[in-house]
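The next block holds one structure in the form of structure tokens; read it before the comments.
Values reported hereafter were calculated over all heavy atoms of this structure, with side chains retained and with hydrogens, waters and symmetry mates removed.
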Amino acid sequence: QMAFFPWCGMLFDIKTCEVRVDYSRFSGKLVADSLTVDRVGKEGLCLNARMKSFVRPRCLPIFHDARLNGHETIKLNFYQAILFC
């Protein structure tokens, strides 16, 4: 059974020290509800910037580091990042 320690939006496996993204704060919510876009005439640029700032923390090298994480965890982190986008 896996046990995780949550810290700063990450989940650390307490036995293997593997790292995952903590998506629990989005559970039961739509991603669209957590993203706002200002209507100032350049909505496309604003949406682009917001999406990048939303996705970037979920693509940190720590989630894809083979020295820290096993192949299954790396694949899971990548899959969840793509799915979440």
Side-chain angles (χ1 to χ4, degrees):
Q1 182 177 357
M2 297 180 157
F4 293 97
F5 175 74
W7 184 71
C8 293
M10 295 180 273
L11 294 173
F12 291 87
D13 187 313
I14 60 172
K15 293 184 181 189
T16 64
C17 295
E18 292 183 330
V19 185
R20 297 181 181 181
V21 179
D22 186 2
Y23 290 102
S24 64
R25 69 184 182 129
F26 298 108
S27 180
K29 299 178 185 175
L30 296 174
V31 175
D33 293 339
S34 62
L35 181 67
T36 57
V37 178
D38 300 325
R39 298 189 182 265
V40 293
K42 296 186 179 188
E43 291 85 0
L45 292 174
C46 182
L47 177 62
N48 186 20
R50 295 276 173 115
M51 288 299 292
K52 285 180 181 178
S53 68
F54 186 77
V55 172
R56 189 170 285 125
R58 289 150 188 83
C59 298
L60 294 173
I62 193 170
F63 301 121
H64 308 286
D65 190 339
R67 293 172 292 178
L68 250 155
N69 300 315
H71 293 293
E72 292 301 315
T73 301
I74 292 171
K75 287 190 283 187
L76 176 67
N77 287 338
F78 180 75
Y79 173 76
Q80 288 177 333
I82 296 300
L83 186 65
F84 206 68
C85 292

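Residue pairs meeting the salt bridge (charged side-chain N to carboxylate O under 4.0 Å, His left out) criterion with at least one member in residues 70-84, sequence neighbours excluded, are Glu72-Lys75. For residues 60-69, the set of pairs meeting the salt bridge (charged side-chain N to carboxylate O under 4.0 Å, His left out) definition, not counting sequence neighbours, comprises Asp65-Arg67.
Note on ring orientation: taking the six-membered ring where Trp is involved, the planes of Phe12 and Trp7 are tilted (angle from 30° to 60°).
Scanning all heavy atoms of the two residues, the minimum distance from Val21 to Leu11 falls at O-CD1, 4.1 Å.
Other residues, nucleotides and ligands contribute at most 12 non-hydrogen atoms within 6.0 Å of the CZ atom of Phe78.
Partners of Phe4 according to the ring-ring contact (aromatic ring centres under 6.0 Å, His included) rule, which considers only residues two or more places apart in sequence or in another chain, do not exist here. Partners of Asp22 under the salt bridge (Lys or Arg N to Asp or Glu O under 4.0 Å) rule, at least two apart in sequence or in another chain, do not exist in this structure. For Leu60, the side-chain contact (heavy atoms from CB on, under 4.5 Å) test picks out Ile62, Phe63, with sequence neighbours left out.
The cluster map of Ile, Leu, Val, Met, Phe, Trp and Tyr, joined by side-chain heavy atoms under 4.5 Å apart, puts Leu76 and Ile82 in different clusters.
Tested against Val55 for a side-chain contact (heavy atoms from CB on, under 4.5 Å), the candidates Cys59, Pro57, Ser53 yield a single pass: Cys59.
From Ile74, atom CD1 reaches atom NE2 of His64 across 8.5 Å, with rounding to the nearest 0.5 Å. Considering CD of Glu18 and CG of Asn77, their distance stands at 8.5 Å, rounded to 0.5 Å.
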